[in-house]
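Notes for the one structure printed next.
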Amino acid sequence: QVQLVESGGGLVQPGVSLRLSCAASGRTFSRSPVGWFRQAPGKEREFVASISWSGRKTAYADSVKGRCTINRDNAKNTLYLQINSLRPEDTAVYYCAVRPLGSDSYTPTRGEEYTYWGQGTQVTVSS
């Protein structure tokens with residue numbers, strides 16, 4: 001069992017940066033691929049970024065590529081998402097998710113590939 005708690009969201013102005021965190025409990029986190037998804041009002045959940053268990057491989061959605069960095073600290077059981085140059089269209093609830101165990105080349109991009117989800121943190125980008 002893995003429990004996830006996201007933090008770091010808030011109301012920010014366009015152009016600024018934000019770092020989201022996801023604290024995980026459970027012993028499988030450090031050997032599991034993890035990812036970030038987001039869901040804007042009235043829209044379907046969409047993939048943002050994912051990272052393999054060691055951190056050596058990452059994947060990003062085209063909409064955030066070049067503006068986002070995903071990384072993890074397995075010693076702290078924590079996942080991070082740095083988003084730069086925030087835009088109003090980045091407004092959404094951001095969720096972290098864990099896919100228990102997987103090869104170190106595995107960076108799942110579909111929601112159905114993940115088993116455990118956090119409750120989400122709201123990011124609102126507005127002037």
Side-chain angles (χ1 to χ4, degrees):
Q1 191 79 7
V2 177
Q3 293 184 327
L4 304 168
V5 178
E6 301 95 336
S7 62
L11 172 61
V12 297
Q13 293 189 335
V16 304
S17 299
L18 205 61
R19 189 175 81 156
L20 306 180
S21 299
C22 173
S25 66
R27 290 183 286 181
T28 60
F29 176 84
S30 63
R31 300 291 293 184
S32 299
V34 289
W36 287 97
F37 289 76
R38 66 185 182 185
Q39 187 166 20
K43 294 188 176 181
E44 293 188 353
R45 182 181 62 196
E46 66 172 358
F47 167 74
V48 178
S50 61
I51 187 168
S52 63
W53 66 259
S54 74
R56 74 175 185 89
K57 188 173 181 181
T58 58
Y60 295 93
D62 288 342
S63 58
V64 301
K65 198 172 292 183
R67 296 192 298 122
C68 270
T69 301
I70 185 172
N71 56 26
R72 64 191 297 167
D73 185 337
N74 286 339
K76 296 182 179 179
N77 264 21
T78 303
L79 174 69
Y80 302 98
L81 182 71
Q82 174 84 21
I83 315 173
N84 300 321
S85 302
L86 279 158
R87 306 166 180 170
E89 53 265 39
D90 293 319
T91 294
V93 178
Y94 284 73
Y95 300 91
C96 62
V98 172
R99 195 257 194 258
L101 306 177
S103 75
D104 201 27
S105 62
Y106 190 32
T107 52
T109 61
R110 296 176 298 134
E112 53 265 38
E113 296 179 273
Y114 290 86
T115 302
Y116 300 107
W117 294 80
Q119 294 299 306
T121 185
Q122 175 72 49
V123 173
T124 302
V125 185
S126 174
S127 55

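This chain uses plain numbering: 1 for the first residue, then up along the sequence. Predicted model only: the values in this text are computed from it and were never measured.
- Hydrophobic clustering, with ILVMFWY side chains joined whenever heavy atoms are under 4.5 angstrom apart, keeps L79 apart from W53.
- Environment of CD in Q122: crowded, with over 12 heavy atoms of neighbouring residues, nucleotides or ligands closer than 6.0 Å.
- A pairwise comparison of heavy atoms in V34 and F29 identifies CG1-CE1, 3.7 Å as the closest pair.
- Within a 6.0 Å sphere centred on CD of E89, other residues, nucleotides and ligands contribute more than 12 heavy atoms.
- Atom OG of residue S127 and atom CG of residue L11 lie 10.0 Å apart, to the nearest 0.5 angstrom.
- Between V48 and V64 the shortest heavy-atom distance is O-CG2, 3.5 Å.
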What donor-acceptor contacts under 3.5 angstrom involve side-chain atoms of residues 91-105, with partners at least two apart or in another chain?
from	atom 1	to	atom 2	distance (Å)
T91	OG1	P88	O	2.9
T91	OG1	V125	N	2.9
Y94	OH	R38	NH1	2.9
Y94	OH	D90	O	2.6
R99	NE	Y106	OH	3.4
S103	OG	S105	N	3.4
S103	OG	S105	OG	3.1
D104	OD1	S52	OG	3.2
D104	OD1	S54	N	2.9
D104	OD1	S54	OG	2.8
D104	OD2	S54	OG	2.5
D104	OD2	R56	NE	3.0

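- With hydrophobic clusters built from ILVMFWY side chains whose heavy atoms lie under 4.5 angstrom apart, Y60 shares a cluster with V123.
- Checked by atom type and distance alone, the side chain of S32 never pairs as donor or acceptor with a backbone atom of S30 at under 3.5 Å.
- In this structure, W117 and R45 have side chains that are in contact, with non-hydrogen atoms separated by less than 4.5 Å.
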Can you list, pair by pair, the side-chain donor-acceptor contacts under 3.5 Å of residues 80-87, counting residues two or more places apart and other chains?
from	atom 1	to	atom 2	distance (Å)
Q82	NE2	N84	OD1	3.1
N84	OD1	S17	OG	2.9

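- Contact of the T107 side chain with the T58 side chain is not registered, since no non-hydrogen atoms from C-beta on lie closer than 4.5 Å.
- N74 places no side-chain N or O within donor-acceptor distance of the main-chain N or O of N77, the cut-off being under 3.5 Å.
- Contact detail for A59 and T109: the closest heavy-atom pair is CB-CG2, 4.3 Å.
- Checked against the 6.0 Å centroid criterion, the rings of F37 and Y114 qualify as a close aromatic pair.
- Of all non-hydrogen atoms in G9 and L18, the two that sit nearest each other are CA-CD2, 4.3 Å.
- Side-chain N or O atoms of S25 include one that pairs as donor or acceptor with a backbone N or O of Q3 at under 3.5 Å.
- Listed by first then second residue, pairs satisfying salt bridge (Lys or Arg N to Asp or Glu O under 4.0 Å) with a partner in residues 3-28 number zero, not counting sequence neighbours.
- Between the side chain of T121 and the main chain of S7, no donor-acceptor pair closer than 3.5 Å is present.
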Worked check of side-chain contact (heavy atoms from CB on, under 4.5 Å) between V5 and Q119:
CA-CA 7 Å; V5 178; Q119 294 299 306; over 6 Å; no
**OP:** Determine, step by step, whether T124 and V12 satisfy the side-chain contact (heavy atoms from CB on, under 4.5 Å) criterion, reporting the C-alpha distance in whole Å, the side-chain angles of both residues, the deciding distance to 0.1 Å, and the verdict.
**Re:** CA-CA 6 Å; T124 302; V12 297; over 6 Å; no
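- In this structure, CG in D62 is found 10.0 Å from CZ in F47, a value given to the nearest 0.5 Å.
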